[in-house]
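Values below: all heavy atoms of this structure, side chains included; hydrogens, waters and symmetry mates excluded.
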Amino acid sequence: VQLQASGGGLVQAGGSLRLSCAASDSINVMGWYRQPPGKQREWVAQITDGSRTNYADSVSGRFTISRDDAKNTGYLQTNNLKPEDTAVYFCYGDRGGLGRFWGQGTQVTVSS
């Protein structure tokens with residue numbers, strides 16, 4: 001399964017971006033990690049194939065994860081962005097019996 005992340009960019013603090021993660025095949029669990037500059041990768045959010053969602057405390061209430069299974073695509077709506085949200089965002093997909101697949105990163109830069 002191949003994943004293609006997109007939607008990153010440069011935005012001012014308080015702004016919004018919608019990240020997309022397009023999969024080449026169906027995915028059970030889809031989620032996002034991010035890696036801020038000079039820091040370790042951290043988990044952001046995840047959505048199951050039953051649309052159950054979970055969020056890191058740092059983004060809860062500001063980010064919303066969703067999915068369109070007809071398009072094999074997941075989304076991460078990021079609102080009220082802060083400079084500390086600046087990172088490369090990576091999407092992942094879990095497919096039962098096949099393991100975890102990763103997309104390439106998409107850069108999100110939030111200016112103050």
Side-chain angles (χ1 to χ4, degrees):
V1 180
Q2 295 180 333
L3 301 178
Q4 179 77 32
S6 61
L10 173 64
V11 64
Q12 290 187 330
S16 300
L17 287 171
R18 189 174 83 154
L19 308 183
S20 299
C21 181
S24 60
D25 205 342
S26 60
I27 291 291
N28 298 119
V29 178
M30 185 173 285
W32 295 85
Y33 275 77
R34 67 185 181 185
Q35 186 163 18
K39 297 183 179 180
Q40 291 189 333
R41 190 176 295 194
E42 59 185 25
W43 175 78
V44 176
Q46 133 174 329
I47 185 168
T48 70
D49 50 6
S51 293
R52 185 175 65 197
T53 58
N54 293 94
Y55 299 93
D57 289 344
S58 58
V59 306
S60 183
R62 299 187 298 121
F63 290 11
T64 302
I65 191 169
S66 61
R67 61 193 291 161
D68 184 340
D69 290 334
K71 298 180 180 179
N72 290 331
T73 299
Y75 304 96
L76 185 68
Q77 177 68 42
T78 65
N79 297 329
N80 191 22
L81 284 162
K82 305 175 181 181
E84 51 264 42
D85 294 316
T86 294
V88 179
Y89 285 69
F90 299 88
C91 65
Y92 67 88
D94 294 341
R95 176 87 178 261
L98 296 179
R100 174 163 291 183
F101 301 87
W102 290 91
Q104 89 294 356
T106 186
Q107 176 71 47
V108 172
T109 303
V110 184
S111 62
S112 57

Rounded to the nearest 0.5 Å, how far apart are [atom1] of [X] and [atom2] of [Y]?
{"X": "Tyr55", "Y": "Gln46", "atom1": "OH", "atom2": "CD", "value": "11.0 Å"}
{"X": "Thr78", "Y": "Ile65", "atom1": "OG1", "atom2": "CD1", "value": "12.0 Å"}
{"X": "Tyr75", "Y": "Cys91", "atom1": "OH", "atom2": "SG", "value": "12.0 Å"}
{"X": "Asp85", "Y": "Arg62", "atom1": "CG", "atom2": "CZ", "value": "4.0 Å"}
{"X": "Leu76", "Y": "Met30", "atom1": "CG", "atom2": "CE", "value": "11.5 Å"}
{"X": "Gln4", "Y": "Thr106", "atom1": "CD", "atom2": "OG1", "value": "9.0 Å"}

What about [X] and [Y], same hydrophobic cluster or not, with Ile/Leu/Val/Met/Phe/Trp/Tyr joined at side-chain heavy-atom distances under 4.5 Å?
{"X": "Val110", "Y": "Val44", "answer": "yes"}
{"X": "Val88", "Y": "Trp102", "answer": "yes"}
{"X": "Val29", "Y": "Tyr33", "answer": "no"}
{"X": "Leu98", "Y": "Leu3", "answer": "yes"}

Please report the shortest heavy-atom distance between [X] and [Y], naming the atom on each side.
{"X": "Ser20", "Y": "Trp32", "answer": "O-CH2, 3.5 Å"}
{"X": "Val1", "Y": "Arg95", "answer": "CG2-NH1, 3.8 Å"}
{"X": "Arg67", "Y": "Ile47", "answer": "NH1-O, 3.4 Å"}
{"X": "Ser112", "Y": "Ala13", "answer": "CA-CB, 4.4 Å"}

Please determine, by modelled atom types, if [X] and [Y] share a side-chain donor-acceptor pair under 3.5 angstrom.
{"X": "Ser26", "Y": "Asn72", "answer": "no"}
{"X": "Thr109", "Y": "Gln107", "answer": "yes"}
{"X": "Asp49", "Y": "Asn28", "answer": "yes"}

Backbone of Phe90 reached by a side-chain donor or acceptor of Arg41 within 3.5 Å: no
I want to check something: taking the side chain as every heavy atom from C-beta on, are Phe63 and Leu81 in contact at a cut-off of under 4.5 Å? yes
Is the shortest side-chain heavy-atom distance between Ser16 and Gln77 below 4.5 Å? yes
Working for side chain to side chain contact (heavy atoms under 4.5 Å, CB included), residues Val108 and Leu17: CA-CA 8 Å; Val108 172; Leu17 287 171; 3.9 Å; yes
